[in-house]
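Let me begin by presenting the structure, written as structure tokens, before commenting on it.
Proteins get letters first, then strands, A, B, ... in listed order; numbering begins at 1 in each.
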2 protein chains.
Amino acid sequence: MCTLQALDTTEVRASYCAAPTYQVIGDDEAQRLSKVFKALGDPTRVRLLSLISVSANTEMCVCDLTAPVGLSQPTVSHHMKQLVEAGLVTREQRGRWAYYSPATSVLTAATETLTNSTR
Amino acid sequence: MCTLQALDTTEVRASYCAAPTYQVIGDDEAQRLSKVFKALGDPTRVRLLSLISVSANTEMCVCDLTAPVGLSQPTVSHHMKQLVEAGLVTREQRGRWAYYSPATSVLTAATETLTNSTR
DNA sequence: GTTACGCATCGACAAATGTCAATACGTGGG
DNA sequence: CCCACGTATTGACATTTGTCGATGCGTAAC
């Protein structure tokens with residue numbers, strides 16, 4: 001049912017059950033959403049997310065990502081860290097390698113939260 | 001060609017029959033998408049978009065927006081310009097006032113383009 | 001025409017960001 | 001126990017970004 005009009009600040013509001021919430025987003029939630037979008041505010045990170053998304057089964061490590069984006073290894077590590085911290089990507093260390101998987105539901109959730117405040 | 005087995009994604013990416021793309025996003029498109037996300041990479045702009053979205057019928061001018069976000073008028077104008085340039089908002093000048101309307105389809109389109117590259 | 005008002009632009013400034021070379025850290029193989 | 005390798009962190013740098021006060025530009029009211 002989702003009456004729950006007071007749920008606007010809690011993190012979830014559960015994807016489905018897209019809350020009524022024709023209400024302005026608060027400071028805290030704006031902060032939270034902006035972090036997700038900010039992580040994708042750089043073309044390199046958009047490409048990186050796209051790269052690991054396309055090859056989600058053949059998992060990719062950092063060494064596989066540097067060539068496609070044409071940047072140094074430390075720079076790629078730096079960008080990946082930001083994607084991980086934004087929750088857009090998960091990191092799994094196996095042996096010497098770090099494998100990344102996409103978690104784009106975070107993005108769709110953020111987008112829905114923002115667009116659902118549109119009437 | 002647009003074989004379109006992936007048209008579950010609603011209206012957009014119609015732009016150019018945007019490829020079924022289980023394919024990496026190119027440099028140019030990454031640039032385009034990142035500009036949209038970057039515009040929402042600041043909590044103030046997220047709140048501004050939310051504000052004008054909630055009151056989409058009772059249109060809002062800049063003078064109505066400064067108080068809720070607690071920033072100066074030049075700063076709000078600056079942020080609104082970025083939202084307009086990202087296509088997330090449309091601006092209409094009427095008399096001395098500038099009225100803004102949300103155009104969040106740009107955001108949903110960008111999100112879908114990126115998430116659809118996930119298999 | 002002059003005045004008041006809403007908004008945009010400019011100049012300045014501190015803070016954040018993207019990038020790299022150098023280096024440190026951990027893990028696996030010899 | 002070292003050594004090689006993949007990755008993360010550090011330090012440094014130029015560029016970008018968010019913010020404000022001051023000022024400029026149109027439009028409406030008198």
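No donor-acceptor contact under 3.5 angstrom links the side chains of Thr104(A) and Thr115(B), judged on distance only. Thr75(A) and Ser72(A) are linked by a side-chain donor-acceptor pair at a separation below 3.5 angstrom, with hydrogens and angles left out of the test.
Taking every side-chain heavy atom of Arg96(A) into account, dG28(C) is the closest of dG26(D), dG18(D), dG28(C). Looking at the side chain of Ala98(A), the nearest of the listed nucleotides dT19(D), dT7(D), dG21(D) is dT7(D). Taking only side-chain atoms of Gln73(B), from C-beta outward, the nucleotide of dA8(C), dT19(D), dT7(D) with the closest atom is dA8(C). Candidate nucleotides dT19(D), dA8(C), dG18(D) were compared by shortest atom distance to the side chain of Gln82(B), and dG18(D) ranks first. For His78(A), the listed nucleotide lying nearest its side chain is dG18(C); candidates were dT9(C), dG18(C), dT19(D). Here the side chain of Arg45(A) is nearest to one of dA22(C), dG18(C), dA8(C), namely dG18(C).
One finds no side-chain N or O of Arg94(A) lying less than 4.0 angstrom from the OP1 or OP2 phosphate oxygen of dG6(D). Between Thr75(A) and the phosphate of dG18(C), there is no side-chain N or O to OP1/OP2 separation shorter than 4.0 Å. OP1 or OP2 of dT7(D) has not a single side-chain nitrogen or oxygen of Lys81(A) nearer than 4.0 Å.
In terms of heavy-atom proximity, Thr66(A) sits nearest to Gln73(A) at CG2-CA, 3.7 Å. Closest approach of Asp42(B) and Ser34(A) over heavy atoms only: C-CB, 3.6 Å.
For Asp42(A) and Trp97(A), each mapped to the nucleotide of DNA chain C holding its nearest heavy atom, the one lying further toward the 5' end belongs to Asp42(A). Toward the 5′ end of DNA chain D lies the nearest nucleotide of Cys63(A), the other residue of the pair His79(B) and Cys63(A) mapping further downstream. If you find the closest nucleotide of DNA chain C to Ser72(A) and to Gly95(A), the one lying nearer the 5' end belongs to Ser72(A).
Look at NZ on Lys38(B): it is 9 Å from P on dT16(D), rounded to the nearest Å. For the pair Glu85(B) CD and dT16(D) C1', the computed distance is 15 Å after rounding to whole Å.
Arg94(B) places no side-chain N or O within 3.5 Å of a backbone atom of Tyr99(B) that could act as its donor or acceptor partner.
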